[in-house]
Every structure is written in structure tokens, then in C-alpha cells.
Amino acid sequence: MRRTNYFQLVLIGLIAGAIATAVAIFVPWLPTPASRQAGRIFFVYWFATVISLFIFAVVAAIMTYALIKFRVKPGDMSDGPPVHGNTKIEIIWTVIPAILVTAISVVSAIVLSEDSNAGTNPLVVRVYAQQFAWSFQYPNGKIYPVLRLPLDRGVKLDITSKDVIHSFWVASFAQKQDAVPGQWNNLVITPDRLGHYAVICTELCGLGHSLMRSWAIVMKPAAFRTWYRGSPKPPPQPSGGAGISAGATIFTQNGCGACHTLNSIPTATGTIGPSLNDLTASAQKAGQPLLTYIKTSIVDPNAYITPGYQPGVMPSSFGNSMSATEINTLVHYLAAHTN
Ligand code: CUA
């Protein structure tokens, strides 16, 4: 039998390990963590990755070395040596992986338990998902289309859905939670980095799924308190408009712009539903007065379907989720801002 050259074996292992480590380090696999939970989760990721890199280097070294060194010579038809196992090696390759896998599970269990602990005085925010928008309700009862969070304070999100199953995800917070109708699911976040982070729906929920986005804004505690005490910034202003339009606020908060285009609201560029810029002509086609047509289209969207569009796409829950005053305000806002 040929003697093993341990120098070559180790050299191959170092090269394979270096290549795999470069792939792990120089490709930006993870977003910048923006919460303590994300920091811990990314630690688990790197902990498991370092162990995997070590295992990979050992396996790649032995395999490559064996392929080259113990390859049969051309014409060699003789049998290989009769090997009957090696108790020492078998114990090593059982015990070491067992220790490593146990270490990963212990670290994971600790992180999982830490990450579900919101601390003594968490800010509780209710998260409502619906086709195709997010809304966030604070302890004072106010509802906003954007999630504002104070830096370094535990936040407990109570997540539910008004219609189908959605999923709440902010990449930099590193956690996902399903929004299920009739059920409250929790997610604990302790933001530790200022900034704007995209809130994304990660459960296919209908035609507007890819547009079901919002923002999580992490603010300095003082700025958050000022905002929370009652000077909330108005939503994006309708172009050319002065002052806050209640109708525009309702429009934005209910996520109408994800599916409909309306020129008076710059963020309303959706194309899943019909454009709202020509409602007078649509009402004439439907044979209804403008105000009646708009109201019916909101509370009973399947009563009349604009030619070229599908029934059952627009949620029929707005008649229940909005108050009569809100619907009235929205109807008049739309009537005043369409052609
Ligand atoms: Cu909501 Cu996808």
C-alpha cells in the first residue's frame, strides 16, 4: 500500500477551505441586520457556516487526495486491498459530527428563546394584512399605513389578516410571520439601527401580491415620541393640493393605490384594477350616477365589472372595514379628483 502524504492532504484541505470561505465572505448573502433578533439569527448562520466550512475542507481534501493518489494505473486489473473497516476512524467521524450538530442545536435553541422575549415593557402594534396593503394599529388606537418603531425598544407585533393568508417580512429584521385570518401571530422585534426598511408580503395572496409593500421606519426614541403624541406626518400630498385631504388619507391607508391609478395621488400607480382617472365615463357606461357608481364599486365591487377586468379580484370587505363616514369621504374625494 502507498503511504499517505499528510502534507499534500492538509494542503488540499487548506485550498478547498480557503475557496469556500472566500465564497462565504465576499458574496453579500445577508442584508444589514437592523434588530437584535436579526443580529442573533445571523450569528447562528455564521456559526453553522464556519462548522460547515471546516467539514467541507476535510471531506474535499480526503476525497480529492484519494481520487488522485489511489487511482488504479492503466491495465491494473488486480483486486484492491481487503479493508475491514477502521474502528478508530469510525468513532472519530461519529463523535465529532455529533458534537458539532449538538452545538448548533443548543445555540439555535438559545437564540430562539431570546428572540421571542419582548422584555418587560414592549410596544404592542397590531398588524393587519389585507389584499393588498398593510395597516398598523398603535396602542392609542390610531392606524397608519407605515410601521414606525423606536430605536432599542422591544416591539411585539400582533399580526392577523382581514381576508386571505399573507406573510409579514422585513429582510433586515430577519424574521417572517404569517398573517392568518381569525388568528393572532406574534413577532418580537427590537430595532437597533435607524433607517427605512421595506415590509414585504411573502405569501402569494392574489394578483397584487408583488405590490403588497410598506415601510418599517426605525426612529430615534425622541422623534418617535413626538410623532406618537399626535403630530403624525400627513401622508404624501396630492400633487398641487394644499393641506391634508381626508379623502386622500383614507385612500392611502386602505392601500387603494396598490391596484388603482389616480393622478391626484402620486403613489397610486397600480394597474391590477381599472384606473380611477375616468370614473365619469365608467359611471355612464354602467348607467349609474357618479356618486352611486363609486360607492357601489367600493362596497360591492362585483356588482359591475369594468370591461376587460375580472370579478372577484377586488376585496369586497371595504364596506365592513371602513366606517360610513370614511366611505362617504372617499366617494366624494374620488368624484372630485376624477375626470
Ligand atoms: Cu399579501 Cu402576498
Side-chain angles (χ1 to χ4, degrees), residues 126-137 141-147 159-166 168 179-183 199 201 203-214 235-236 238 244-265 267-280 282-283 285-286 288-306 308-338:
R126 290 187 162 190
V127 179
Y128 294 93
Q130 72 186 89
Q131 291 168 317
F132 299 102
W134 298 98
S135 46
F136 305 96
Q137 186 174 34
K142 288 189 181 168
I143 297 177
Y144 301 97
V146 163
L147 177 63
I159 303 172
T160 193
S161 168
K162 294 180 181 176
D163 40 45
V164 301
I165 300 176
H166 306 266
F168 176 94
V180 181
Q183 187 177 315
V199 174
C201 177
E203 187 78 51
L204 184 59
C205 55
L207 275 180
H209 162 67
S210 62
L211 300 166
M212 189 167 161
R213 287 170 173 243
S214 180
I244 303 169
S245 159
T249 307
I250 295 168
F251 186 95
T252 311
Q253 288 186 351
N254 283 281
C256 308
C259 297
H260 297 284
T261 299
L262 183 63
N263 287 346
S264 64
I265 297 187
T267 53
T269 54
T271 52
I272 289 161
S275 160
L276 304 179
N277 289 324
D278 314 295
L279 290 175
T280 313
S282 304
K285 267 189 215 153
Q288 292 171 15
L290 181 60
L291 292 176
T292 313
Y293 172 70
I294 297 175
K295 186 180 173 189
T296 309
S297 300
I298 295 170
V299 300
D300 186 10
N302 294 319
Y304 171 82
I305 298 296
T306 308
Y309 291 87
Q310 300 283 323
V313 174
M314 169 145 164
S316 49
S317 55
F318 288 116
N320 300 320
S321 62
M322 283 194 267
S323 72
T325 315
E326 283 175 327
I327 293 173
N328 195 33
T329 307
L330 182 57
V331 167
H332 283 88
Y333 174 82
L334 287 170
H337 289 85
T338 192

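For the pair Gln131 (side chain) and Cys205 (backbone), a donor-acceptor distance under 3.5 Å is present. No donor-acceptor distance shorter than 3.5 angstrom exists from the side chain of Thr338 to the backbone of Leu334, with no hydrogens or angles considered. Formation of a donor-acceptor pair under 3.5 Å by the Thr160 side chain with backbone atoms of Gln183 is found in this model.
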Practice prompt. Could you give me the CA-CA distance, side-chain angles and deciding distance for Leu147 and Trp134, then say whether side chain to side chain contact (heavy atoms under 4.5 Å, CB included) is met?
Written response: CA-CA 9 Å; Leu147 177 63; Trp134 298 98; over 6 Å; no
Item to complete: Evaluate the side chain to side chain contact (heavy atoms under 4.5 Å, CB included) criterion for residues Leu279 and Leu290: first the C-alpha distance (whole Å), next the side-chain angles of each, then the deciding distance (0.1 Å), finally the verdict.
Response: CA-CA 7 Å; Leu279 290 175; Leu290 181 60; 3.9 Å; yes
Practice prompt. Begin from the C-alpha positions of Thr261 and Leu276 and carry the test side chain to side chain contact (heavy atoms under 4.5 Å, CB included) through to its verdict.
Written response: CA-CA 6 Å; Thr261 299; Leu276 304 179; over 6 Å; no
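Counting only heavy atoms from C-beta outward, the side chains of Asn277 and Leu262 approach each other to under 4.5 Å. For the pair Thr292 and Ile294, the minimum side-chain heavy-atom distance is 4.5 Å or more. Phe132 is not listed as a side-chain neighbour of Leu211, based on a closest heavy-atom distance of 4.5 Å or more. Met212 is listed as a side-chain neighbour of His166, based on a closest heavy-atom distance under 4.5 Å.
The side-chain hydrogen bond (donor to acceptor under 3.5 Å, both in side chains) check on Lys295 picks up nothing, with sequence neighbours excluded. Among residues two or more places apart in sequence or in another chain, the side chain to side chain contact (heavy atoms under 4.5 Å, CB included) test is passed with Pro181 by Ser161, Ile165. Evaluation of the ring-ring contact (aromatic ring centres under 6.0 Å, His included) rule for Tyr293 yields Tyr304 as partners, not counting sequence neighbours. Looking at residues two or more places apart in sequence or on another chain, you find a ring-ring contact (aromatic ring centres under 6.0 Å, His included) between Tyr128 and Trp184. Partners of Gln130 by side-chain hydrogen bond (donor to acceptor under 3.5 Å, both in side chains), not counting sequence neighbours, listed by chain and number: Lys162.
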Donor-acceptor pairs under 3.5 angstrom involving side-chain atoms of residues 322-329: please list them, not counting sequence neighbours.
unit_1	atom_1	unit_2	atom_2	d
Ser323	OG	Glu326	N	3.1
Glu326	OE1	Ser323	N	2.9
Asn328	OD1	His332	ND1	3.2
Thr329	OG1	Thr325	O	2.7

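Classified by interplanar angle (parallel below 30°, tilted 30° to 60°, perpendicular above 60°), the ring pair Tyr333/Phe251 is tilted.
Minimum interatomic distance between Ala303 and Thr296 (heavy atoms only, all atoms of both residues): CB-CG2, 3.8 Å. Looking at every heavy atom in both residues, Asp278 comes nearest to Ser275 through OD2-OG, 4.2 Å. Between Ser214 and Pro145, the closest heavy-atom pair is OG-O, 2.6 Å. Heavy-atom minimum distance, Phe168 versus Ile159: CB-CD1, 4.0 Å.
Distance check, rounded to the nearest 0.5 Å: NE2 of His260 to OG of Ser297 gives 9.0 Å. Between the SG atom in Cys256 and the CE atom in Met314 there is a gap of 7.0 Å [rounded to 0.5 Å].
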